[in-house]
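What you see below is based on every heavy atom in this structure, not just the backbone, and it leaves out hydrogens, waters and symmetry mates.
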Amino acid sequence: MPGQVTVIMPVADSGKTIEAAVRTTLLSLDQEGVVLVYDDASSDDTVDRLKRIMSRDRRVRLIRGQTRVGVAVALNALLSETTTDLVARMDGDDLVLPGRFRRQVRELTTSRVDVTFTSRINFGSNLRNYRPYLQRRISPDQMPWLMLSSNPVPHSSMLGRTRVLTGAGGYRQSVAEDYDLWLRLLSSGHRLSSSAIPGIAYRMHPNQVTRSAEWLVRFEKDEVLRASYNQLAITLGLDGDAWELRRAHPDVATNRIKAGLRSGRQPIVHDSAGGTAL
């Protein structure tokens, strides 16, 4: 199904926000698109709300999990059910802004990239009290270096080629399963970009998991992330344990990244026979 998009959305206990998330996704999606939702054993009325939407719009489909499996497993289940050439991400508490998917499909074609993202606006309890966040374009040449600084792209803004994500093995169990996947894609020579035009409104929560001290400790100890991060650093020509350097000597690590951005050096990817893939 060339050009068509499946939007995958893992949710759990999202009854308060799921209708707005799905509704805004449908408004930005063409009539041949699909919204594929994995309900991760919700205990609230998420499924009932989804069924009401499904009764009015045939583009919404639901996979129900009987036991809680977590985001990575849910995402891989969604990817395995995706039959379109293109796949996008959304979360059950964010909002899609008008024109997002049309712009992203065009970016995939004109910039010859494999995966693309958008910037975002942040909001809390009221969308009228929003604020812009990192509204800048990231080119495919800049992305590998900026990814060594931090994860500069919101997961729920992703749109990419399905075969690229599945070919990389999909998502792995990690404290930051999205960051791990982006690092691996870049290490394999895939091209990623991000638009300066916001494509999502990102809902901020007072008790957001990724802002907690506990999550940051788990992040630093995540060996899956460490391996993916160091592999990208190696393909960019950086020696040593780049993950540990980033933690122990952030100024030195930042200077190496800035120098890399100035140089324009790109990942050197070796094929399975030991040669260099251009």
Can any side-chain N or O of D93 pair as donor or acceptor with the backbone N or O of R203 at less than 3.5 Å? no
I want to check something: taking the side chain as every heavy atom from C-beta on, are S43 and D13 in contact at a cut-off of under 4.5 Å? yes
Report yes if the side chains of L261 and L146 come closer than 4.5 Å at any heavy-atom pair, otherwise no. yes
Between T24, I121, L27, which is the residue that forms a side-chain contact (heavy atoms from CB on, under 4.5 Å) with L97? I121
Would you say S228 and R172 are linked by a side-chain donor-acceptor pair, where the criterion is simply a distance under 3.5 Å? yes
Residue pair R49, K16: steps toward the side chain to side chain contact (heavy atoms under 4.5 Å, CB included) verdict: CA-CA 9 Å; R49 291 176 181 270; K16 294 181 178 179; over 6 Å; no
Say whether, by atom type as modelled, one donor and one acceptor occur between the side chain of R68 and the main chain of D40 under 3.5 angstrom. yes
Residue among V113, D85, V115 satisfying side-chain contact (heavy atoms from CB on, under 4.5 Å) with L108: V113
Do the non-hydrogen side-chain atoms of D91 and T17 ever get within less than 4.5 Å of each other? no
Quick check: does any side chain N or O of Q104 sit under 3.5 Å from a backbone N or O of M158, one acting as donor and the other as acceptor? no
Considering all heavy atoms of both residues, which atom of R100 and which atom of R89 are nearest to each other, and what is their separation? NH2-O, 3.1 Å
Which atom of G92 lies closest to which atom of S14, heavy atoms considered: O-CB, 4.2 Å
Under a 3.5 Å distance rule, please check whether D222 uses its side chain to pair with a backbone N or O of V175 as donor and acceptor. yes
Any chance you could lay out the side chain to side chain contact (heavy atoms under 4.5 Å, CB included) test for D30 and F101, step after step, and finish with the verdict? CA-CA 9 Å; D30 67 33; F101 301 120; over 6 Å; no
Would a 4.5 Å heavy-atom cut-off, applied to side chains only, mark P154 and I200 as touching? yes
I63 side, atom CD1; S80 side, atom OG - distance, nearest 0.5 Å: 6.5 Å
Please examine the side chains of D57 and V22, heavy atoms only from C-beta on, and report whether any two atoms are closer than 4.5 Å. no
Ignoring hydrogens, what is the shortest heavy-atom contact between Y179 and M147? Give both atom names and the distance. OH-O, 2.5 Å
Given 3.5 Å as the limit, does a donor-acceptor pair link the side chain of S195 with the main chain of I197, or not? yes
Do the side chain of D39 and the main chain of R64 share a donor and acceptor less than 3.5 angstrom apart? no
Return the minimal non-hydrogen interatomic distance between S157 and T118, and the atom names on each side. OG-N, 3.1 Å
Looking at D180 and R184, is any side-chain nitrogen of the basic one under 4.0 Å from a carboxylate oxygen of the acidic one? yes
Taking the side chain as C-beta and beyond, is there a heavy-atom pair between R226 and D241 under 4.5 Å? yes
Is there a donor-acceptor pair under 3.5 Å between the side chain of R191 and the backbone N or O of R112? yes
Any donor and acceptor pair, going by atom type alone, linking the side chain of R52 with main-chain N or O of E19 inside 3.5 Å? no
Between R120 and Y202 (side chain of the first, backbone of the second, donor and acceptor by atom type, cut-off under 3.5 Å), is there such a pair? no
With side chain to side chain contact (heavy atoms under 4.5 Å, CB included) as the criterion, how do Y38 and E81 come out once you've worked through the C-alpha distance, each side chain's angles and the decisive distance to 0.1 Å? CA-CA 11 Å; Y38 186 104; E81 294 294 323; over 6 Å; no
Main-chain N/O of T84 paired to T82 side chain as donor or acceptor, under 3.5 Å: no
Please determine whether the number of non-hydrogen atoms from other residues, nucleotides or ligands lying under 6.0 Å from atom CZ of R265 exceeds 12. yes
Do the non-hydrogen side-chain atoms of L50 and V37 ever get within less than 4.5 Å of each other? yes
Quick one, V73 and Q173 - any side-chain contact, counting heavy atoms below 4.5 Å? yes
Could you grab the distance from atom CZ of R56 to atom CG of L26, nearest 0.5 Å is fine? 9.5 Å
Measure across S42 and V11 and return the closest heavy-atom pair with its distance rounded to 0.1 Å. OG-O, 4.3 Å
Taking NZ, NE, NH1 and NH2 as the nitrogens, is one of them in R256 or D239 under 4.0 Å from a carboxylate oxygen of the other? yes
Run the numbers on V153 and L192 for side chain to side chain contact (heavy atoms under 4.5 Å, CB included), then give the verdict. CA-CA 10 Å; V153 291; L192 281 61; over 6 Å; no
Looking only at side-chain N and O atoms, does D94 offer a donor or acceptor that is under 3.5 Å from a partner on S156? yes
Nearest non-hydrogen partners of S187 and T235, listed with the distance: O-CG2, 3.8 Å
Path from V224 to L185 over hydrophobic side-chain contacts below 4.5 Å: no
